[in-house]
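Within every chain, numbering begins at 1; the chains are lettered A, B, ... in the order of the sequence lines, protein sequences first and strands thereafter.
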Amino acid sequence: SQQGEEDPQALSIQEGENATMNCSYKTSINNLQWYRQNSGRGLVHLILIRSNEREKHSGRLRVTLDTSKKSSSLLITASRAADTASYFCATDARGGADGLTFGKGTHLIIQP
Amino acid sequence: DVKVTQSSRYLVKRTGEKVFLECVQDMDHENMFWYRQDPGLGLRLIYFSYDVKMKEKGDIPEGYSVSREKKERFSLILESASTNQTSMYLCASTPWPGRNTEAFFGQGTRLTVV
């Protein structure tokens with residue numbers, strides 16, 4: 001079953017604007033990760049936030065985690081055309097060696 | 001540069017054929033995974049392995065098997081390909097124990113079964 005569910009399913013914004021994507025999950029976790037997938041390619045890791053962290057930054061990315069609400073958000077600031085991709089959240093609810101559980105993704109389109 | 005390499009980007013096979021999808025990683029990772037990705041369904045775990053000759057079923061193992069004879073190589077086998085196995089297949093690896101570490105993905109194999 002799907003652990004993470006991203007919202008919205010699709011998002012289209014103008015270049016330079018900020019993009020926010022949300023993820024909800026169902027069970028307790030050790031960490032939550034965000035990945036990016038360019039069209040027809042593999043997934044690339046963006047950022048990992050541990051269950052005892054509330055916020056994390058990496059360049060133009062900001063991730064928040066609210067374990068009481070079982071939700072996370074990914075904010076991309078000052079978006080660029082190259083940010084056009086699908087974004088997935090993933091949790092380790094199965095246990096680390098047993099693989100990540102992914103949501104269905106948010107497809108982000110940055111209009112030039 | 002760390003790498004997970006899948007043997008084919010695109011593959012077209014006939015119904016009933018035995019299909020091998022190969023994945024090799026050069027990071028000396030213990031854990032390896034096979035996912036399939038379908039529109040509207042996201043990524044679903046097929047099989048995983050945390051050691052040579054070890055394998056564990058994921059969420060959707062039916063119609064698939066795997067082989068891990070060497071640490072760096074993890075093969076996904078479709079014993080008798082069917083059209084409902086047309087999909088994007090993604091291989092990934094993580095170091096042991098796998099907690100609080102990122103997964104490294106291959107570039108994906110888009111398999112079409114006709």
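- Contacts of Glu102(B) with chain A are made by both backbone and side-chain atoms, with heavy-atom separations under 4.5 Å.
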### Trace of the side-chain contact (heavy atoms from CB on, under 4.5 Å) decision for Gln37(B) with Phe88(A)
CA-CA 12 Å; Gln37(B) 182 179 23; Phe88(A) 295 86; 3.3 Å; yes
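- Heavy-atom distances place both the backbone and the side chain of Leu43(A) under 4.5 Å from chain B.
- Gln9(A) does not touch chain B: none of its heavy atoms, backbone or side chain, sits under 4.5 Å away.
- Counted within 6.0 Å of CZ on Arg50(A), heavy atoms from surrounding residues, nucleotides or ligands total 12 or fewer; the atom is thus considered open.
- Judged as a ring-ring contact (aromatic ring centres under 6.0 Å, His included), and not counting sequence neighbours, Tyr87(A) has no contacts.
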Name the atoms and distances for all side-chain donor-acceptor pairs under 3.5 Å in residues 105-112 of chain A, with sequence neighbours left out.
| from | atom 1 | to | atom 2 | distance (Å) |
| --- | --- | --- | --- | --- |
| Thr106(A) | OG1 | Pro8(A) | O | 2.5 |
| His107(A) | ND1 | Ser86(A) | OG | 3.2 |
| Gln111(A) | NE2 | Ser12(A) | OG | 3.0 |

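- In terms of non-hydrogen atom pairs under 4.5 Å with chain A, the most contact-rich of Gly108(B), Pro39(B), Gly40(B), Cys91(B) is Gly40(B).
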